[in-house]
Amino acid sequence: MKTDVVIVGGGLIGCATAYYLAKKKSNVIVIEKDAGVGLQASGRNAGMVRQQARKAALPLAMASVRLWAALAQELENDLGYTRTGYLKIALDEAGVAVLENEMAWEHAHGLTEVRMLSPDECRDKIIGLTDRVVAGKFCPTDGIANPMLVTPAYARAAQRLGAEIKTRTTVTGLLRQGSAVRGVTTEQGEIEAEVVVNAAGPWACHLNESIGCATPITPGLSQLMFTERRAHNLVCPVGVLGFGGYFVPTHAGNMVLGISGVPNKYGYSTRVEYSDITAKAAQMLEILPWLSQVSVIRTMSGITEYTPDGEPYIGAVPGTRGFFTAVGFHGQGFCLGPIVGKILADLITGKESSISLATFKPDRFARVQG
Amino acid sequence: MNDLTLAPLTVVGAGPAGIMAAYTAAEAGVDVTVIDENPLPGGQYLRQSPPEFTIPDVVAAHSGHPEAAALYRKLEHPRIRTMHNTSVWGVFDGRMLALAERDRVYLHKANRVVIATGAYDRPLAFPGWTLPGILGAGAVMRMVKTQWVLPGKRVLLAGLGPLQLPLADLLLESGVEVVCVAEAANLFLGWRHLSGFWGHGDRIWEAYTYIKTLVQHRVPVFHNHAIVSASGKEQVETATIARLDGSGQPIAGTERQFEVDTVCLGYGFLPSIQLAMAFGCEPRFDENLSWFVPRHNDHMETTEPGIFVAGDVTDFGGAKVALAEGRVAGLAAAHQLGALDDATFNRLVAPALAELRHMNRVALALQRIYRFRRGLAFLASDDTILCRCEDVTLAKVKQALADGAIDLHQVKLGTRAGMGYCQGRCCSALIAPIVAKETKQSISTLHPFTVRPPIQPIPLQMLATGAVSMAVE
Ligand SMILES: Cc1cc2nc3c(=O)[nH]c(=O)nc-3n(C[C@H](O)[C@H](O)[C@H](O)COP(=O)(O)OP(=O)(O)OC[C@H]3O[C@@H](n4cnc5c(N)ncnc54)[C@H](O)[C@@H]3O)c2cc1C
Ligand SMILES: Cc1cc2nc3c(=O)[nH]c(=O)nc-3n(C[C@H](O)[C@H](O)[C@H](O)COP(=O)(O)OP(=O)(O)OC[C@H]3O[C@@H](n4cnc5c(N)ncnc54)[C@H](O)[C@@H]3O)c2cc1C
């Protein structure tokens, strides 16, 4: 089999890249090990499309949010995207300073709509929020979308433009000719391509390493609790500084109660820990006491990726030809998916990225290690 | 009742199967913890009225379970500790059972486990099935027996299986008008299996007494008929049945309509496999049931070592099979725990297995005669709701399949079916045949929804009681 571009991994990054490439008339094949696209982190995350509190990736997040605005129309699919805003609160004075520093960074990058909220303003926004709130920071252009819809929508739109999605197929290695990558080997045979993109999420390391570019990623476990559907006061996602958890509304009326990830504690497993969910439930009741009689109907977890500096690896892999990667997105890949897919498609078709990718160079740790 | 007390044997479910498993193991010298979510033991069939109902239980007396009282007394065994009002809502770290008791949750460290969680009414989706007044037969049985509430005045019974007769009998004796009984089985196709009843005169006699009551009350019984639609404004007012063809599909032009205020649906039971699945037990597709049950060996052990199943959770066999399976499971668990040596175990298990085989002959014959007929899975029209929790219609499911979903999980992600309060307990068996048909796979190759804790919804307040440290740092 032969094609222009082979993409390893049918998560949001892989499917978005496929769509923007197909739009540029490239022949694309996405290879996904699971029975469908978006069944890993891309389909089981908290759905926050958040710019606030991003560090180096803030410009990417802002550009992505501009894409999100018209994405449902472009993909001809409801994505459940709404700009609800996002509230981040601090429970002590030290936290206020952190929020103010974040805001300075955000304003400096042009995210000028971010502003500090007084405790009363926070409690006006989220009725029943704890009295312990000392300050809040709000970004009105942050929002939510439905992760279950987004990756399949990209995949279908790509397919309409001629892209092929091969599910239940695992990529086992790269086809090489010197420093040039010529395709991939799969359990079902070889696929030749001019360009290969490694978008295999937390499973991506060995392919990059096989060509001499170590992209260290430690898997972590992020757990989610879903409440029953009911009327509630959570009008926008709420994050709590130093708390290790967050609260997200959904269109259906369920709430998502997120427990931040812990690196490497449970390897690649997607289990749910009794001690984590019970402890976090207790802590969450201190933040939103009215949750007490709301029932949890489901829990689940996904793998988050930890990189040494918390930033992803994006771009052409130095020292090779025809090989790109975009992995290691930690808790930001859902928001960033659209812009990263678009930028990769540009890079692959020979266009410069409009946003600097210097911080995200795939070989930044490979060099350190020598 | 503290966290992490290790019980050698834990039995989940205090129906006939669970009680018998617990008693048998206790007799063999094993300390047993029995856990059941109800305030009193008994399970489905031998369900007891709550203590506040002091009116003499004429219904129970009529349906005649003199054995019930004797069975409950088995739980008074000194080696058995019974935890009522306690449900198991998850399995963590392989053998930790998460329990919910009234307003708190905690962990219970299990060693060997007998899962005797029983079964629940199988839903059947047809136009109008979600109207108020349309009830599951098991739920009606429960209403009448434990709460003394009659479901309505004019009742139509539609279903598949031998339990329709005792239910009709119970309703008639309680003074309800039964307009007709629609039985979906084709007894003509089933007669080959009647040899299974050889040596079970009591069962035939029981059936005969029920039929006699129907005849006395001039209740028409339509064989090879199923309910195909129901309608009404606020609640069900009319119900339509039709004759079925060889594959169980209704034949156009054979419809009969009845004015009713209640419809009892008794299309069999689905095993409560959620806990077994949470343990990681491998499911087996049962052809007669056309659904999944936990796979087990002759000694009732599942594919997870030390985890046993007994009773209706394994497939629908009735109370006597449940007792026999409970006995085998109890012996096997006691043997594994070292309470019975090989010789004693073999001596005791042989007659128990012989008894089970004897019981299973009828059970299997009944399962074949009343096997779930394929056509019954396709009664819904496009606007019929399949997932009640999330209001997902057949049309939405078909759209998700047209959009590329190829299994139950992907249909769930695309439609939200199975994401609601019941977590797919009801809709998965309704949606799977549609998925199988549209994607041209065998339903036996589809995987039921993954089970994740909590098996039952748990308020956050309760979940929080399981926390070791309560402070926000
Ligand atoms: C619980 C949780 C909550 C989160 N919340 C948010 C949030 O609110 N906002 C946000 O922006 N981000 C969030 N994230 C992060 C976000 O979900 C991820 O960063 C993003 O989905 C990454 O997309 P991806 O395509 O790179 O990875 P993935 O979704 O992991 O996709 C990689 C795909 O590659 C496939 N694959 C791997 N190896 C192979 C192989 N050898 N052959 C073929 N296929 C292969 C995998 O099966 C997988 O489908 C959250 C993550 C989790 C786990
Ligand atoms: C309407 C009706 C009529 C019937 N008529 C007859 C008849 O005439 N003859 C006959 O032989 N049989 C009859 N049966 C069948 C009989 O009820 C069953 O075969 C028998 O009860 C099965 O016993 P069991 O122990 O397997 O399950 P059950 O009796 O169902 O007991 C299971 C118990 O487990 C509990 N449980 C389940 N999950 C959990 C959990 N996670 N945590 C805690 N507790 C849990 C349940 O609440 C229940 O108490 C009838 C059943 C019904 C519903």
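Chain naming here is simple, since letters A, B, ... match the order of the sequence lines and numbering starts at 1 in each.
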B:Gly420 and A:Ile297 have their tightest heavy-atom pair at O-CD1, 3.6 Å
ask   = Going by heavy atoms in the side chains, are A:Thr299 and B:Pro454 under 4.5 Å from each other?
value = yes
When rounded to the nearest 0.5 Å, the distance separating CD of B:Gln410 from CG of A:Asp34 is 9.0 Å
Honestly, the part of B:Cys389 sitting under 4.5 Å from a heavy atom of chain A is backbone
B:Trp89 and A:Tyr274 have their tightest heavy-atom pair at CZ2-CE1, 3.7 Å
Of all heavy-atom pairs linking A:Leu285 and B:Gln461, the shortest is CD1-CA, 3.7 Å
Checklist line | Audit row: A:Asn254, B:Arg416, side chain to side chain donor-acceptor pair (under 3.5 Å) steps and yes/no | finding: CA-CA 12 Å; A:Asn254 309 82; B:Arg416 299 184 56 83; 2.6 Å; yes
message = Could you tell me if the side chain of A:Leu257 sits less than 4.5 Å from the side chain of B:Leu460, heavy atoms only?
response = yes
Rounding to 0.5 Å, atoms CG (B:Leu463) and NZ (A:Lys280) come to a distance of 13.0 Å
Checked B:Glu390, B:Met462, B:His409, B:Gln456 vs chain A; the most non-hydrogen pairs under 4.5 Å come from B:Glu390
Flag the pair A:Thr278 / B:Tyr106 as yes when at least one side-chain heavy-atom distance between them is below 4.5 Å, and no otherwise. no
To the nearest 0.5 Å, atom CE of B:Met419 lies from atom CZ of A:Arg229 at 11.0 Å
Shortest non-hydrogen pair, B:Tyr421 vs A:Ser295, comes out as OH-OG, 4.2 Å
With chain B, the option among A:Gly36, A:Gly43, A:Ala35 that has the most non-hydrogen atom pairs under 4.5 Å is A:Ala35
Cut-off 4.5 Å, heavy atoms of chain A, and the answer for B:Asp93 is side chain
Applying a strict 4.5 Å limit to non-hydrogen atoms, the region of B:Leu413 in contact with chain A is both
The reported gap from OG in A:Ser275 to CE in B:Met96 (rounded to nearest 0.5 angstrom) is 10.0 Å
CE (A:Met148) and OG1 (B:Thr415) are apart, to the nearest 0.5 Å, by 9.0 Å
Note: A:Ser292 and B:Pro459 closest approach over all heavy atoms is O-CB, 3.8 Å
- Are B:Arg452 and A:Thr270 close enough that some pair of their side-chain heavy atoms sits under 4.5 Å apart? yes
